[in-house]
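Below: one structure, written as C-alpha cells.
So you know, we letter chains A, B, ... as the sequences are listed, proteins then strands, and number each from 1. These values consider heavy atoms only, across backbone and side chains, with no hydrogens, waters or symmetry-generated copies.
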Amino acid sequence: MAFDSEGFNRQIALPPELKVSHIRKAVEYIEREATDLVEVYFEQANVFSGLVGIFGVRALHSLSPYKKHKHPDVAQQRFPDLSLGGKLNPPPKQALESKGTTRPWALQSHYNHPGWYIVWRYLVDPAKIIKAGKSVVIWRVDVAFLRQEDWKYEGSKAAEGRGGRTHTFGVKQPADRFSSAIAYCHPKIVLRQSRPTLANGVA
DNA sequence: AAATACGATACGCTCCTCAG
DNA sequence: CTGAGGAGCGTATCGTATTT
C-alpha cells in the first residue's frame with residue numbers, strides 16, 4: 001500500500017468528498033483535545049474512548065463536508081454520527097460513524113447499520129514520549145464501508161442479579177476487514193503482543 | 001398530571017480462552 | 001508464545017409505559 005512519509009495512505013477508498021487532509025487535521029484535533037482530558041482515561045477508560053469518538057465527530061463536522069445531524073437530540077444518539085451535508089436519513093454511502101478504541105482490530109457496536117465507519121485507534125502515553133506534548137496519540141485510523149453482512153451478532157447473557165453488557169454487534173474477522181482499510185498509520189508504531197508499541201524503543 | 005420505571009439506543013474496556 | 005475473538009463488565013440519555 002502507498003503510505004506517505006507521514007503515514008497516510010493516499011490510495012484508500014474514502015467516503016465521497018472526504019479527503020486525506022480532513023483526516024490529518026482531525027487526528028491533530030483529537031489528540032490535542034483528548035490530551036487535555038487524559039485523566040478521564042484513568043478514571044474510566046471506556047468513557048474516554050467515547051470522548052475520542054466524539055472529538056472525531058466534532059473535528060469532521062467543522063472541517064469536512066460531513067456534518068452532524070441538525071436535531072441535537074437525534075445527533076446525540078442515533079446512527080449515523082455524521083452524514084454528507086448533514087442530511088436527515090442519508091443513504092448508507094453517505095453515512096459516517098466515528099468510533100474511538102484502543103483495540104488493534106476489533107470493532108463493536110450495538111447496531112449493524114450499514115455505512116462508513118472511521119475508527120480512531122489511539123493509545124495513552126502519559127510520558128509523552130511518542131509525540132511531544134501529546135499524552136494521547138492516534139496511531140491508526142481505519143476507514144471502511146461496512147455492510148450489514150460484515151457484522152455478526154454477539155448475544156448477551158446479562159440477567160437480573162448478574163449484570164452484563166447489552167448485546168453487541170461485532171465486525172466479522174476485523175483484522176482481515178481493516179487491514180486493507182488503513183487510512184493512516186503512525187510510521188513508528190508497530191503491533192507487538194496485540195498492542196501498539198514504538199518500533200525501535202522499549203515499551 | 002406528574003413522577004417513576006424500564007427498555008432501547010448510544011459509547012466503550014479487559015480478562016481469558018483457544019487455535020496456530 | 002502470540003494474536004484474535006468471545007464473554008463478562010461499565011456508563012449516559014431518551015421515549016414510552018406504568019404507577020402514583
Side-chain angles (χ1 to χ4, degrees), chain A residues 26 30 33-34 37-61 66-83 88-90 92 95-126 135-142 144 146 148-182 185 189-197 199 203:
Chain A
I30 295 169
E33 295 297 313
L37 294 169
V38 71
E39 316 84 54
V40 176
Y41 179 81
F42 300 101
E43 199 71 36
Q44 190 141 336
N46 59 327
V47 171
F48 189 75
S49 292
L51 288 175
V52 172
I54 290 166
F55 289 140
V57 170
R58 293 222 302 226
L60 292 176
H61 175 79
Y66 284 80
K67 302 297 183 191
K68 279 189 277 196
H69 197 289
K70 40 173 141 5
H71 297 311
D73 50 330
V74 175
Q76 195 167 111
Q77 65 170 228
R78 289 299 199 274
F79 182 91
D81 289 331
L82 296 160
S83 66
L88 183 56
N89 286 307
L96 182 60
E97 185 80 358
S98 163
K99 289 183 176 300
T101 184
T102 61
R103 288 170 55 129
W105 297 110
L107 185 64
Q108 287 181 317
S109 178
H110 283 282
Y111 219 106
N112 57 349
H113 291 296
W116 286 95
Y117 287 75
I118 184 160
V119 188
W120 316 98
R121 303 196 186 264
Y122 70 94
L123 58 82
V124 173
D125 172 33
S135 49
V136 176
V137 175
I138 293 172
W139 55 276
R140 212 179 75 224
V141 178
D142 297 338
L146 300 175
Q148 273 192 4
E149 309 87 84
D150 290 318
W151 297 90
K152 62 174 178 296
Y153 180 73
E154 295 171 357
S156 168
K157 300 281 193 345
E160 187 178 341
R162 191 169 48 181
R165 85 162 179 350
T166 48
H167 68 191
T168 301
F169 289 88
V171 173
K172 294 176 190 167
Q173 302 183 312
D176 286 343
R177 188 65 190 77
F178 288 121
S179 62
S180 59
I182 298 172
C185 190
I189 300 286
V190 294
L191 272 182
R192 218 165 91 196
Q193 295 173 296
S194 292
R195 195 143 287 164
T197 316

Phosphate contact ([N] OP1 or OP2) by [X] side-chain N/O below 4.0 Å:
X	N	value
S109(A)	dA10(B)	no
K152(A)	dG6(C)	yes
S49(A)	dC13(B)	yes

key: Sequence-distant partners of H61(A), ring pair (Phe, Tyr, Trp, His ring centres under 6.0 Å), two or more places apart   =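 Here no residue qualifies.
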inquiry  = If the condition is ring pair (Phe, Tyr, Trp, His ring centres under 6.0 Å), which residues does W151(A) pass it with, not counting sequence neighbours?
reply    =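 In terms of ring pair (Phe, Tyr, Trp, His ring centres under 6.0 Å), with neighbours along the sequence ignored, W151(A) is linked to Y117(A).
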side-chain hydrogen bond (donor to acceptor under 3.5 Å, both in side chains) against [X], all qualifying residues, sequence neighbours excluded:
X	answer
Q44(A)	N46(A)
E154(A)	Q108(A)
R58(A)	Y29(A)
E33(A)	none

Atom [atom1] of [X] and atom [atom2] of [N]: how far apart are they, to the nearest Å?
X	N	atom1	atom2	answer
N46(A)	dA10(B)	CG	P	17 Å
F169(A)	dA7(C)	CZ	C1'	16 Å
K99(A)	dC13(B)	NZ	P	10 Å
F48(A)	dG10(C)	CZ	C1'	17 Å
E97(A)	dT9(B)	CD	P	14 Å
L51(A)	dC11(B)	CG	P	13 Å
H113(A)	dT9(B)	NE2	C1'	9 Å
I54(A)	dT11(C)	CD1	P	17 Å

task = Please round to the nearest 0.5 Å and tell me the distance separating atom CD1 of I118(A) and atom CG of L60(A).
result =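 If we round to the nearest 0.5 Å, I118(A):CD1 and L60(A):CG are 5.5 Å apart.
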Are there any protein N/O atoms within less than 3.5 Å of an N/O atom in nucleotides 1-4 of chain C, and if so, which ones and at what distance?
residue : atom : partner : partner atom : Å
dG3(C)  : OP1  : Q193(A) : N            : 3.3
dG3(C)  : OP2  : Q193(A) : N            : 2.6
dG3(C)  : OP2  : S194(A) : N            : 3.2
dA4(C)  : OP2  : W105(A) : NE1          : 3.4

Show me the protein contacts with nucleotides 14-18 of chain B, counting only N or O atoms at under 3.5 Å.
residue : atom : partner : partner atom : Å
dT14(B) : O4   : R103(A) : NH1          : 2.1

query = Of E154(A) and T168(A), whose nearest nucleotide on DNA chain C comes first from the 5' end?
reply =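 Of the two residues, E154(A) wins.
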task = Remember a base hit wins even if backbone is also touched, and classify G100(A) as base, sugar-phosphate or nothing at under 4.0 Å, heavy atoms.
result =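 Sugar-phosphate: the residue G100(A), judged by heavy atoms under 4.0 Å, touches backbone atoms but no base.
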task = Under the salt bridge (charged side-chain N to carboxylate O under 4.0 Å, His left out) rule, collect the residues that match up with E149(A), sequence neighbours excluded.
result =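 R147(A).
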Pairs flagged by salt bridge (charged side-chain N to carboxylate O under 4.0 Å, His left out) wherever residues 102-124 of chain A is involved - sequence neighbours left out =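 Counting only pairs at least two positions apart or across chains, the salt bridge (charged side-chain N to carboxylate O under 4.0 Å, His left out) contacts touching residues 102-124 of chain A are R121(A)-D142(A).
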message = Once side-chain contact (heavy atoms from CB on, under 4.5 Å) is applied, do any residues pair with P196(A), and if so which ones, sequence neighbours excluded?
response =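 Result, side-chain contact (heavy atoms from CB on, under 4.5 Å) vs P196(A): L123(A), W139(A), I189(A), L191(A).
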inquiry  = Between F55(A) and Y122(A), is the ring centroid distance below 6.0 Å?
reply    =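 No, they do not, as the ring centres are separated by 6.0 Å or more.
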request  = Take the C1' atoms of the five end pairs on each side of the helix from dA1(B)-dT20(C) to dG20(B)-dC1(C), get both axes, and report the angle to 10 degrees.
outcome  =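 The angle separating the two end axes equals 30°.
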task = Would you indicate whether Q148(A), at its atom CD, is surrounded by more than 12 heavy atoms from other residues, nucleotides or ligands within a distance under 6.0 Å?
result =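 Counting other residues, nucleotides and ligands, CD of Q148(A) exceeds 12 neighbours.
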